[in-house]
Amino acid sequence: MSSTKALSPRESAELISSKSEDVSICEEGIEEASKIIFDCLKSKKYSSKTWKQHELHPNEMTNETVDWIVVLDTLNFCFWSDDGVEPWTVRFEGKNYTGYWALCASIHRALKEGIPFTTPSYYANITREKLQHIFRSETPTEIPLLEERVNNLQEVGRVLVKDYKNSFVNMLSQCDNSAGKLLGMITSTFKCFQDESEFDGKKVSIYKRAQILISDIWACFEGESFGHFKDIAVLTMFADYRVPQSLLHMNILKYTDKLMEMLNRGNHVPAGDRIELEIRGNSIWAVERIYQKVKAMSKMDSEFSSLAPGEIDSILNSVIIDYYLWDFAKEELGGLTELPFHKTRTIFY
């Protein structure tokens, strides 16, 4: 890949959307979703506090919580199983969890067992065997990409030990309360967060895990203390494989028949493939379109129009729209197995 600087996720999404062949954005779906999401924001069903309402997310606002979140998002990728394979399943406090929640449960379980799993000096030298034990499953299925998870942890841990006195808090303290600056620091410091590709001869970025790391800190700390970012609205949605499923179901994204057939066959899509980038790029751009519409609606609403711009950004941004769409995918689409998603084995989402 060229050494030129990548376009930002927002710029990348606009470029990808304008040149897509198999994925398009449906205006009618954007209009409908904007109304639904505006009502959710107005009723305060979704806010920065939504994140902490999940039982497996940490809710204490401490230095240790920051390092907990860093481990979470260093490993927050690729949980799907191939068709017919039992999912990776983690049992914690009498309940079984799969997917992303199994990752959260694993972290809690390890700490409860006295393993200092969220301390950089511990995971900087973690072995495959130790991580295999931390992620042990109730089913014969291991967590996908175990070797890559070992590599990610070792890379992040070693940098934090060497340059940031064994805590991400010390990197956070250098970002001047800017989400944009922190995003640049994360993606230039850690190779495993460099979610970049080539599209039509341009270097594009999606930065799903780097952005979600910042947003998780923002949400956990409710926009205060370590979570105070003056420019949180700079973040886009987090382009993975679940949110595009929501967007497809809600008639926001439209796939060509050829693409639908390919996804319905369960074909794997290689990382960096044009199809993968079209799905992820259009997902970001669709949410940006929704965000702009919801923002325009808020300006016409007496409840929102009296707020200062900074206050509006903390209530309404692409991150909160993503929360709604991700929960919708998990809760509403759980039984819709006929709805396809793109299957890409990658460390980036």
Side-chain angles (χ1 to χ4, degrees), residues 51 54-58 68-92 95-110 117-118 123 126 128 131-153 156 192-193 195 206-213 215-216 237-249 263 266-271 273 276 279-280 283 322-323 325-337 339-349:
W51 192 87
H54 292 287
E55 61 181 358
L56 288 176
H57 279 160
W68 197 106
I69 292 169
V70 171
V71 168
L72 174 72
D73 290 320
T74 297
L75 300 168
N76 185 0
F77 58 87
C78 198
F79 303 112
W80 55 270
S81 305
D82 284 311
D83 293 341
V85 175
E86 284 186 275
W88 169 60
T89 305
V90 170
R91 190 162 186 80
F92 177 65
K95 283 176 75 174
N96 284 353
Y97 298 93
T98 60
Y100 168 81
W101 295 117
L103 174 62
C104 294
S106 298
I107 299 171
H108 283 298
R109 183 175 66 180
F117 188 37
T118 55
Y123 61 77
I126 200 160
R128 190 181 196 281
L131 199 59
Q132 205 165 24
H133 171 73
I134 287 168
F135 290 145
R136 64 193 181 276
S137 177
E138 296 298 302
T139 65
T141 307
E142 269 196 348
I143 189 170
L145 303 181
L146 182 65
E147 204 64 52
E148 288 80 354
R149 294 176 199 276
V150 172
N151 295 340
N152 279 18
L153 284 169
V156 172
C192 68
F193 280 94
D195 182 3
I206 306 288
Y207 296 151
K208 184 262 182 180
R209 282 184 24 251
Q211 293 199 91
I212 210 168
L213 169 55
S215 83
D216 285 351
M237 63 79 77
F238 317 121
D240 60 1
Y241 50 90
R242 282 293 175 219
V243 174
Q245 217 180 8
S246 288
L247 296 171
L248 185 64
H249 177 74
L263 295 178
N267 292 14
H268 286 203
V269 179
D273 186 86
E276 183 215 24
I279 292 171
R280 297 181 80 203
S283 296
D322 184 282
Y323 289 169
L325 294 167
W326 194 83
D327 281 350
F328 182 90
K330 297 296 283 183
E331 291 162 20
E332 305 294 327
L333 303 183
L336 295 180
T337 49
L339 202 69
F341 63 89
H342 68 285
K343 294 180 173 178
T344 301
R345 290 284 182 213
T346 173
I347 67 166
F348 293 121
Y349 60 96

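This is a predicted model, so every value here is computed, not measured. No hydrogens, no waters, no symmetry mates; every other heavy atom, side chains included, goes into these values.
- Within the 4.5 Å cutoff, the side chain of Lys95 has heavy atoms near those of the Glu55 side chain.
- The line from NZ of Lys208 to OG1 of Thr346 is 10.5 Å long, rounded to the nearest 0.5 Å.
- Separation of atoms SG (Cys104) and CD1 (Ile69) is listed at 10.0 Å; rounding is to 0.5 Å.
- The shortest side-chain heavy-atom distance between Tyr100 and Leu72 falls under the 4.5 Å cut-off.
- Counting heavy atoms from C-beta outward, Phe117 and Ile126 have side chains that approach closer than 4.5 Å.
- Between the side chain of Asn96 and the backbone N or O of Thr89, no donor-acceptor pair lies under 3.5 Å.
- Counting heavy atoms from C-beta on, the side chains of Cys192 and Asn151 never come closer than 4.5 Å.
- In this structure, Asp322 contributes its side chain and Phe238 its backbone to a donor-acceptor pair below 3.5 Å.
- No donor-acceptor distance shorter than 3.5 angstrom exists from the side chain of Ser246 to the backbone of Trp326, with no hydrogens or angles considered.
- Rounding to the nearest 0.5 Å places CZ of Arg136 at 12.5 Å from CZ of Arg91.
- You'll find the side chain of Tyr123 reaches within 4.5 Å of the side chain of Val70, heavy atoms only.
- Here the side chain of Arg109 pairs no donor or acceptor atom with the backbone of Phe92 at under 3.5 angstrom.
- Using the six-membered ring where Trp is involved, Trp101 and His54 have ring planes that are tilted, between 30° and 60° apart.
- Between Ala110 and Ile134 the shortest heavy-atom distance is CB-CG2, 4.1 Å.
- Atoms CD1 and OG1, from Ile107 and Thr118 in turn, are 8.0 Å apart once rounded to the nearest 0.5 Å.
- The distance from atom OG1 of Thr344 to atom CZ of Arg280, rounded to the nearest 0.5 Å, is 8.5 Å.
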Atom pairs and distances, side-chain donor-acceptor, residues 80-87, under 3.5 Å, sequence neighbours left out:
from	atom 1	to	atom 2	distance (Å)
Asp82	OD1	His268	NE2	2.8
Asp83	OD1	Lys343	NZ	2.9

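- Between atom CG of residue Leu75 and atom CG of residue Asn152 there is a gap of 6.5 Å, rounded to the nearest 0.5 Å.
- Between His108 and Trp68 the shortest side-chain heavy-atom distance falls below 4.5 Å.
- Between the side chain of Asp195 and the backbone N or O of Ile206, no donor-acceptor pair lies under 3.5 Å.
- Contact annotation: the side chain of Val156 approaches that of Phe193 to within less than 4.5 Å [non-hydrogen atoms, C-beta and beyond].
- Of all non-hydrogen atoms in Val243 and Asp240, the two that sit nearest each other are N-OD1, 2.9 Å.
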Can you list the steps and then say if Asp216 with Trp51 is a side-chain contact (heavy atoms from CB on, under 4.5 Å)?
-> CA-CA 8 Å; Asp216 285 351; Trp51 192 87; 2.8 Å; yes
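- Both the sub-6.0 Å distance and the 45° axial angle are satisfied by Arg149 relative to the ring of Phe77.
- Taking each heavy atom of Ser137 and Trp88 in turn, the nearest pair found is CB-CD1, 3.5 Å.
- Of the possible polar contacts, one joining the Arg209 side chain to the Ile347 backbone as a donor-acceptor pair under 3.5 Å is found.
- Contact detail for Ala105 and Tyr97: the closest heavy-atom pair is CB-CD1, 3.8 Å.
- Between Glu142 and Phe135, the closest side-chain pair of non-hydrogen atoms is not below 4.5 Å.
- Across all their heavy atoms, Leu131 and Leu153 have their closest contact at CD1-CD1, 3.7 Å.
- With hydrogens and angles ignored, the 3.5 Å screen pairs no side-chain donor or acceptor of His342 with any backbone N or O of Glu276.
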